[in-house]
Number of protein chains: 2
Amino acid sequence: MLNARARVSKATVRRIPLYYRAVQQLQQQGVKRIRSERLSEIIHIPSATIRRDFSSFGELGKSGYGYSVDTLVDEFGKLLEVQDAENILLVGCGGLGAALIENNFRRNPDLNITMAFDIDPAKIGTEIGGVPVYDFRELAMRVTPDIKTAIIAVPSSAQPQVIPALEGIGIDAILTFAPQPVVCLPTTTIRYIDLTSELQSLLFTAHHQQLAD
Amino acid sequence: MLNARARVSKATVRRIPLYYRAVQQLQQQGVKRIRSERLSEIIHIPSATIRRDFSSFGELGKSGYGYSVDTLVDEFGKLLEVQDAENILLVGCGGLGAALIENNFRRNPDLNITMAFDIDPAKIGTEIGGVPVYDFRELAMRVTPDIKTAIIAVPSSAQPQVIPALEGIGIDAILTFAPQPVVCLPTTTIRYIDLTSELQSLLFTAHHQQLAD
DNA sequence: AAATGTTTGTTAATCCATTCACATAGTAGC
DNA sequence: GCTACTATGTGAATGGATTAACAAACATTT
Ligand SMILES: NC(=O)c1ccc[n+]([C@@H]2O[C@H](COP(=O)([O-])OP(=O)(O)OC[C@H]3O[C@@H](n4cnc5c(N)ncnc54)[C@H](O)[C@@H]3O)[C@@H](O)[C@H]2O)c1
Ligand SMILES: NC(=O)c1ccc[n+]([C@@H]2O[C@H](COP(=O)([O-])OP(=O)(O)OC[C@H]3O[C@@H](n4cnc5c(N)ncnc54)[C@H](O)[C@@H]3O)[C@@H](O)[C@H]2O)c1
């Protein structure tokens, strides 16, 4: 419910999805209560961090008892707004884009890629996993006003054209796999997934680890 | 060259690939020298952070001049060991795995996925983008001793079986797309790419941003 | 209902990273 | 060579996040 008194740190925000997934799994297993110490073993986050994170959303637990799994599922579900569907468009139906559409976050029924765009005539007019692929030049014509979120899987070189077009139709949240940094509107929230960098920095760490990581 | 005197922070390690890519691009454009202030504009990292990061690898720059682009390309290339090929195996040739193989980090000639594994009989024995797909049960038989790195793109439920098998054949660096956390050997460096969590935390930030991000 | 045990929520301490700001060391022009 | 700039590299200040540790709050047992 996001008690106004406590600020939620960026680091905490990145962990909310992990908490949500874990408590959902516990609920499915029929577990009714969980201690921070036990949850720590499951998700490998220190129990003190868990308690601090949880407390920034209100007093979710009870001393000497722990947390009710049902309450946690409820609270984190509310935080992530899983009750209302998030409709998403995807740009760039290459290998990666197609894989994302096929998967379509099926474990999370609230996350739906509902339409896709490309510029390749061979792809325009087709469907991938039931999702229609439109011509990117028809973006404004095809997009429905409920869509505020986009995933970008086009080559880096195409990204500088794609982002302003998306902002022009009201998109304000973007997840992109093209690492080329762009300037975007102050109202746009953008996140880069840079697979090459992740691999390179992983390798650097692995090659240079004298001590454990 | 990783002067022993200065410790390289984790945050810095994550930025090395960004620096490497940027200076490579500058080199290709024929740029000979670069100031931290100018580089900051390109990659959107504060100039003070850039200077501190660079200085942890030695005195790469010159006062009143800046940095030589050639020197930087050289130094970061050495840090990332781009001179010797890194051969990689991939497990799980579904949508995501196949996309990774097709792409095969082609912008980085040192990074090569050289073989793939699956358990689906329909995939075993085929090739994807020239990369052979073997039966995962033949892992030990097929793997070559030069391979120390793996990418995992199997369903989360299969991951607990896959990781010990990889460790058993000497893999010590793992990049995985299955978010299910696992216990692994202390000598294994593992990194999770959790696409669903990235999207969910992005949406949380976008929905709750009263101030800019 | 008292005693015992458990686990939270939070204060304080610590750690890690970023940012400021400038002495220093070099460049560039003359 | 001398002067006027310029930009690095780094101490010091700041800020953010993690971790330790414990009083207070509740559960459980007897
Ligand atoms: N797949 C990987 O392993 C991998 C690894 C690292 C980075 N990436 C990045 O992910 C992104 C996508 O990768 P991919 O392998 O799917 O690439 P891909 O080349 O297979 O697909 C790109 C798709 O984007 C389409 N496209 C190009 N310009 C467009 C435009 N202006 N508007 C709409 N569509 C356009 C193309 O027609 C193509 O279908 C790239 O930026 C790539 O750098 C991918
Ligand atoms: N694609 C996405 O958009 C997306 C989104 C979020 C998370 N993920 C995660 O990425 C991973 C891969 O996703 P995907 O869409 O490619 O899945 P997918 O189901 O298309 O492919 C999984 C592949 O793994 C193979 N496999 C299963 N068990 C195996 C085993 N024990 N050994 C070897 N191979 C095995 C299957 O035969 C299949 O080919 C999953 O963990 C998924 O949760 C994917």
Value in whole Å for how far the C1' atom of D:dA12 lies from CZ of B:R52: 10 Å
Side-chain N or O of A:R35 closer than 4.0 Å to phosphate OP1/OP2 of D:dA27: no
Whole angstrom value for the distance that separates C1' of C:dT10 from CD of A:E59: 10 Å
Short side-chain N/O contact to D:dG9 OP1/OP2 from B:Y67, under 4.0 Å: yes
DNA chain D: 5'-proximal contact among A:K62 and B:I34 (nearest heavy atom): B:I34
Distance (rounded to the nearest 0.5 Å) between B:S36 OG and B:I50 CD1: 6.0 Å
Nearest-angstrom distance from the residue atom CG of B:L60 to P of C:dA25: 18 Å
Sugar-phosphate only, base, or nothing, as touched by B:R33 at under 4.0 Å among non-hydrogen atoms: sugar-phosphate
C:dT19 OP1/OP2 closer than 4.0 Å to side-chain N/O of B:T49: yes
Touch class at under 4.0 angstrom, heavy-atom based, for B:S36 against every strand present: sugar-phosphate
Atom pair CG (A:L39) and CG (A:L26), whose distance is rounded to the nearest 0.5 Å: 7.0 Å
Euclidean distance, atom CD1 of residue A:I50 to atom P of D:dA17 [Å, nearest integer]: 17 Å
Ring centres under 6.0 angstrom apart (B:Y19, B:F54): yes
Interatomic distance where CZ belongs to A:R15 and C1' belongs to D:dG16 [whole Å]: 12 Å
Nearest-Å distance for atom pair CZ/P, residues A:R7 and D:dG15: 13 Å
Short side-chain N/O contact from B:S9 to OP1 or OP2 of C:dC16, under 4.0 Å: no
A:F54 vs B:Y65, nearer the 5' end of DNA chain C by closest nucleotide: A:F54
B:L90 vs B:L100 side-chain heavy atoms within contact, under 4.5 Å: yes
Atom-to-atom span, CD of B:E75 to P of D:dT8 - whole angstrom: 16 Å
Close side-chain approach of A:E81 and A:D110, heavy atoms under 4.5 Å: no
N or O in side chain of B:S63 less than 4.0 angstrom from D:dT6 OP1/OP2: no
Whole-Å gap separating C1' (D:dA17) and CG (A:D53): 10 Å
